[in-house]
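The next block holds one structure in the form of C-alpha cells; read it before the comments.
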Amino acid sequence: MAELVSMYAQFGSHVTIIDKSSKILGHFEPEIAEQAKNDLEEDGVSFLLESNLTGVNDTLNGVTLTISTPKGIKNIQADGLLVATGRKANVTDLHLERTSIKTGSHGEILVNDILETDAKDVYALGDVTGGPQFTYISLDDWRIMANHLYGDKTRSRLNRPVFANTIFLNPAISSVGKTEAQLNEAGVDYKVLKMPAASVPKTQVIGNPRGNYKALIDPQTHQILGTTIYAEESFETINIISLAMQNHLSAETLRDQIYTHPTMTEALNDLFDQI
C-alpha cells in the first residue's frame, strides 16, 4: 500500500491513508518509519490512523467516505478508493479438494522444507506457499526444487541465504536481519550505528538527501545483526549488507572497502567507521 501511496503522491495526487493501526511501516525501525511518514506528508499524503472506514457512497465525481477517527466522524470526498486487504493464494481453480494436497488457514499450499506437498512428486513454490511474497524468493524456491530434482539435494528453506526486503518509497526503505525490537526481545546484545543520508555525497548529486542509515552489530565480534537503510538506491546497497551477513564478514570489512565515487555504497565507509 505504501508504495502505491508514494507513487500517486509523486504523480501529484493528494492521497489519504485510513488505517486501524497507530503507525505505518510497523516492521521497520520506528524512527525510520516515522521519518518516512513525515516525508510522505511533505509530499502531500494525509494520514488518518487509528481510524475506521464506516461508509462509502458513490457520487457523480467519485466517492464520499465516512471515517470514524479518534477526533470524531470525518467525511472525505475522493475521486477513488483503493482497498488494500492483502493477498491470498490463488488456488481456487486448482480444485485441491480433489487431491491429497493440504492447505493452510489462508488457503496457502502447505509444503515441507524442500517444497514438497502431501501429494507424491508434487511441489509448490512461490507466493502460493504463503511464505515471503517476493519475486526473488520464488526464484530461490525454484533453485531449491531444482537442487532436489537434478542436484545434490542439499538446498532447503532452512539454509536459504540471507535476503533483504525493500519498500519503494521516495527514497526506498530497505532492511535485512533483525531490528532493535527483535534483538531486545531475544535478549541479544548489540551496538547501534547511525548516520544521515545527507552526508553521502551522491545524495546531493541526485538531489534527494532524505533518509538515514542504521546498523546493528555485535559489540564483540562486529558481525552485522541487522541494517535498515532509508536512502536513495537503498535497494542496491542493502545487497552488500546481505552478502556480508551471509558470509559472516565483520563490519570492518565493509568499512575498509574502497568504493567507487560518487556512489551510495560509499556510505558504508562512514557508517561502519563508528565501530
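Predicted model only: the values in this text are computed from it and were never measured.
Using a 3.5 Å distance cut-off with no hydrogens or angles, the side chains of Q133 and D127 do not pair a donor with an acceptor. In the model, T237 has no side-chain atom that pairs as donor or acceptor with a side-chain atom of E233 under 3.5 Å. If you check the side chains of S175 and N165, you find a donor sitting under 3.5 Å from an acceptor. With hydrogens and angles left out, the side-chain atoms of D39 and N170 include no donor and acceptor closer than 3.5 Å. Counting only N and O atoms by type, the side chains of N212 and Q35 include a donor and acceptor under 3.5 Å apart.
In this structure, the side chain to side chain contact (heavy atoms under 4.5 Å, CB included) partners of S234, at least two apart in sequence or on a different chain, are A172, S174, I229. For K178, the salt bridge (charged side-chain N to carboxylate O under 4.0 Å, His left out) criterion is met by no residue, not counting sequence neighbours. Residues meeting the salt bridge (charged side-chain N to carboxylate O under 4.0 Å, His left out) test with K194, sequence neighbours left out: E31. Among residues two or more places apart in sequence or in another chain, the side chain to side chain contact (heavy atoms under 4.5 Å, CB included) test is passed with I258 by none. Qualifying side chain to side chain contact (heavy atoms under 4.5 Å, CB included) partners for K102, counting only residues two or more places apart in sequence or in other chains: L110, D118. With sequence neighbours left out, the side chain to side chain contact (heavy atoms under 4.5 Å, CB included) criterion links I275 to L193, I217, H222, A251, E252, F272. R98 meets the salt bridge (charged side-chain N to carboxylate O under 4.0 Å, His left out) test with no other residue; sequence neighbours excluded. Annotation: salt bridge (charged side-chain N to carboxylate O under 4.0 Å, His left out) contacts of E42 (sequence neighbours excluded): R210.
Residues R255 and D270 have side chains not in contact (no heavy-atom distance under 4.5 Å, counting atoms from C-beta outward).
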K88 vs E108, salt bridge (charged side-chain N to carboxylate O under 4.0 Å, His left out): CA-CA, chis, key distance, verdict: CA-CA 7 Å; K88 68 176 184 178; E108 75 279 13; over 6 Å; no
Stepwise side-chain hydrogen bond (donor to acceptor under 3.5 Å, both in side chains) test for S242 and Q246: CA-CA 6 Å; S242 299; Q246 175 66 27; over 6 Å; no
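Hydrophobic cluster membership of F168, counting Ile, Leu, Val, Met, Phe, Trp and Tyr whose side-chain heavy atoms lie under 4.5 Å apart directly or via other members: F235. Chaining together hydrophobic side chains whose heavy atoms lie under 4.5 Å apart places L225 alongside L183, V188, Y190, V192, L216. Through direct or indirect side-chain contacts shorter than 4.5 Å among Ile, Leu, Val, Met, Phe, Trp and Tyr, L82 is connected to M1, L4, V5, M7, Y8, F11, V15, I17, I24, L25, F28, I32, L40, V45, F47, L49, I167, L169, I173, Y230.
Atom CD of E185 sits in a sparse spot, with 12 or fewer heavy atoms from other residues, nucleotides or ligands closer than 6.0 Å.
Taking CG from L94 and OG1 from T99, the interatomic distance works out to 9.0 Å, rounded to the nearest 0.5 Å.
Residue pairs that meet the side chain to side chain donor-acceptor pair (under 3.5 Å) test with at least one member in residues 48-62, sequence neighbours left out, are T59-Q77.
Side-chain N or O atoms of T221 include none that pairs as donor or acceptor with a backbone N or O of D218 at under 3.5 Å. Of the possible polar contacts, none joining the T227 side chain to the V176 backbone as a donor-acceptor pair under 3.5 Å is found.
With respect to the salt-bridge test (charged N to carboxylate O, under 4.0 angstrom), the residues E34 and K23 do not qualify. Salt-bridge formation is not detected for the pair R155/D113: no Lys NZ or Arg NE/NH1/NH2 atom is positioned less than 4.0 Å from an Asp or Glu carboxylate oxygen.
The shortest heavy-atom contact between L115 and M145 is CD1-N, 4.5 Å.
When the options V63, L48, L53 are evaluated for a side-chain contact (heavy atoms from CB on, under 4.5 Å) with I76, the one that passes is L48.
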